[in-house]
Amino acid sequence: KKHKFWETQPVGQFKDIGETNLPEGPIEAPTPLSEVKQEPYNLPSPYEWTTCDMTSEETCNEVYVLLKNNYVEDDENMFRFNYSKEFLRWALHPPGYYPSWHIGVRAKASKKLVAFISGVPARIRVRDEVVKMAEINFLCVHKKLRSKRLAPVLIKEVTRRVHLENIWQAAYTAGVVLPTPITTCQYWHRSLNPKKLIDVGFSRLGARMTMSRTIKLYKLPDAPATPGFRKMELRDVPAVTRLLRNYLSQFVVAPDFDENDVEHWLLPTEDVVDSFLVESPETHEITDFCSFYTLPSSILGNQNYSTLKAAYSYYNVASKTPLLQLMNDALIVAKQKDFDVFNALDVMQNESFLKELKFGPGDGQLHYYLFNYLIRQTLKSSELGLVLL
Ligand SMILES: CCCCCCCCCCCCCC(=O)CSCCNC(=O)CCNC(=O)[C@H](O)C(C)(C)COP(=O)(O)OP(=O)(O)OC[C@H]1O[C@@H](n2cnc3c(N)ncnc32)[C@H](O)[C@@H]1OP(=O)(O)O
Ligand SMILES: CCOC(=O)c1cnc2ccc(OC)cc2c1SCCC#N
């Protein structure tokens, strides 16, 4: 078997691709809580489970350092994600979160944190079914402990703890192909600081292009163009929730956000998430919304730079303003905030602005997965209305 672990799990299996008469929905029925394994899975003897209290500065820092040194790198090992501590606290503490789903592994002798996996609860709509799910993220095994089959143990343990809360489905993404993606997305990148991206070796000077000509090509105005474009505030939560729920209803898979979710995920949080809206100067109606999150990366092996400041497109709704203009305003404020690059996936309606706003396609793909929920046919990325951090 190619996937010795994943072929044992309730996920779509490669051998079933094309089987269109399989029923869509849960693969396995819930088990009675009394039948869920009460004790944690066994770890190799030098290691022990720990629950990471992210409200503790010390523990949050341990998770931050583990991820900073051992989390995802691009294929050319040019970058490694460097999620900040405030970002991790934001990502792991949505409404209704379970502390027990923030799972670490320590070496018994040194007490060093050597692995981590997390889950947060989310209501995800699949077509017209709203399903309570766990969003799984930040799976990380220290570089020195790779290829020891620790990941399957971490995955089984988070599954067990999610089951104990009577939740039977999950959503997750990965850069690697596993059984079986519900869709595969493409990353796109819009240079905001082309000189830095060329200096680090990510971008190259175009043929017959000078550096000054390249800087000019990516230049943006100093201020947003849309009248009424402003930062989102707490008082905007009800209107933004209405706008976003209506917009997301068109996608096959999307979060079922309520006002509490919108307040957590979309209210501006410095150095974590920025969100803006358009309030009509005449009617004061809120007609459009855009947002992006802050995810820096360590630049590996470069003398002159250590950190890439990257903005990632989050949720955007254009109901009156053209999406192209709204996203150009997002680029303008991201440049004002000194981001080096603005990244976006080709999900939702993003394809409609990517090329025109000078995004270039990345060479990385992002695969989306559901656990214990079968989707009859692979979705187009434009049918996906879910952005995972
Ligand atoms: C109802 C609730 C359900 C909740 C749970 C839902 C499911 C949640 C699933 C998790 C979602 C996470 C989402 C997320 O966090 C976002 S994706 C980011 C994952 N993290 C990284 O890439 C960080 C750097 N890499 C590492 O730390 C290690 O390489 C990891 C830990 C990735 C694998 O450690 P390792 O030392 O390199 O490998 P072994 O321990 O020897 O294990 C090998 C087995 O692990 C399978 N593998 C490899 N990468 C994977 C990945 N990214 N997802 C799932 N499975 C992955 C692999 O296919 C093989 O299984 P197979 O033999 O069957 O092929
Ligand atoms: C300049 C464009 O590339 C990135 O922003 C970037 C930054 N850090 C990463 C760390 C790990 C990594 O592993 C896949 C990729 C990157 C990428 S490209 C894919 C993310 C996007 N957009």
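Nothing fancy with the numbering, it's 1 onward along the sequence. All ligand and atom numbering here is 1-based and tracks the order in the structure.
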Report task. Could you tell me whether ligand 1 has any atom less than 4.0 Å away from a heavy atom of S147? Result ->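 Yes, S147 has a heavy atom closer than 4.0 Å to ligand 1.
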
Query - N372 touching ligand 1 at heavy-atom level, < 4.0 angstrom - result: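 False for this residue.
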
**Report entry** N82 versus Y64, side-chain donor and acceptor atoms under 3.5 Å
**Finding:**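 Note: Y64 and N82 side chains meet the donor-acceptor criterion.
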
What protein heavy atom is closest to [atom], reported as residue, atom name and distance in Å?
atom	result
atom 50 (C) of ligand 1	V176 CG2, 4.2 Å
atom 8 (N) of ligand 2	S297 OG, 2.6 Å
atom 11 (C) of ligand 2	V72 O, 3.4 Å
atom 27 (O) of ligand 1	V141 N, 2.9 Å
atom 6 (C) of ligand 1	F371 CD1, 3.6 Å
atom 21 (C) of ligand 2	Y187 CD2, 3.2 Å
atom 64 (O) of ligand 1	H3 ND1, 2.6 Å
atom 18 (S) of ligand 2	H189 CE1, 3.7 Å
atom 17 (C) of ligand 2	F79 CD1, 4.2 Å
atom 12 (C) of ligand 2	D74 N, 3.5 Å
atom 58 (O) of ligand 1	L178 CD2, 3.4 Å
atom 5 (O) of ligand 2	N343 ND2, 2.9 Å
atom 15 (O) of ligand 1	L139 N, 2.9 Å

Requested in this report: For ligand 1, indicate whether the residue Y369 contacts it via side chain, backbone, both or neither (heavy-atom separation under 4.0 Å).
Outcome: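 None of Y369 does.
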
Which of the listed options, [options], holds the heavy atom that is closest to [atom]?
atom	options	answer
atom 29 (O) of ligand 1	R146, R160, E73, E28	R146
atom 33 (C) of ligand 1	P10, A151, P179	A151
atom 39 (P) of ligand 1	Q9, R149, E135	R149
atom 16 (C) of ligand 1	T173, V11, L67, I136	T173
atom 5 (C) of ligand 1	L366, N70, T159, V72	T159

Query raised in the report: Hey, is NZ on K112 packed in by over 12 heavy atoms from elsewhere, all under 6.0 Å?
Result: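 Count over threshold, so yes.
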
If you count the atoms of ligand 1 from 1 in the order shown, which ones are under 4.0 Å from a heavy atom of [X]?
X	value
W168	1 (C)
A170	2 (C), 3 (C), 4 (C), 6 (C)
N137	14 (C), 15 (O), 16 (C)
L150	40 (O)
K4	61 (P), 62 (O), 63 (O)
C140	27 (O)

Requested in this report: Please determine if D340 and K196 form a salt bridge, counting it only when a charged side-chain N lies under 4.0 Å from a carboxylate O.
Outcome: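 Salt bridge present between D340 and K196.
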
Under the 3.5 angstrom rule, does the side chain of [X] hit a backbone N or O of [Y] as a donor-acceptor pair?
X	Y	result
T50	R106	no
Y187	P361	no
R160	K37	yes
D256	I124	no

Query raised in the report: Heavy atoms of the protein only: does one fall short of 4.0 Å from atom 21 (C) of ligand 1?
Result: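 Yes, because at least one protein heavy atom sits under 4.0 Å from atom 21 (C) of ligand 1.
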
Between [X] and ligand 1, does any nitrogen or oxygen pair lie at a separation below 3.5 Å?
X	answer
W6	yes
P152	no
K2	no

Query raised in the report: Just wondering, do H367 and T173 contact through their side chains at under 4.5 Å, heavy atoms?
Result: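 Answer no - side chains too far apart.
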
Report task. Could you grab the distance from atom CG of L150 to atom CG of L43, nearest 0.5 Å is fine? Result ->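 Between atom CG of L150 and atom CG of L43 there are 7.0 Å.
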
Requested in this report: State if Y312 counts as touching ligand 2 under the rule of any non-hydrogen atom under 4.0 Å.
Outcome: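 True for this residue.
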
Query raised in the report: Do you know which of F257, W265, F292 makes side-chain contact (heavy atoms from CB on, under 4.5 Å) with Y315?
Result: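 Considering F257, W265, F292, a side-chain contact (heavy atoms from CB on, under 4.5 Å) with Y315 is found only for F257.
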
Report task. Determine the interplanar angle of the H93 and H102 rings, folded into 0 to 90°, and report it as parallel if under 30°, tilted if 30 to 60°, perpendicular if over 60°. Result ->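 Tilted: the ring planes of H93 and H102 meet at 30° to 60°.
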
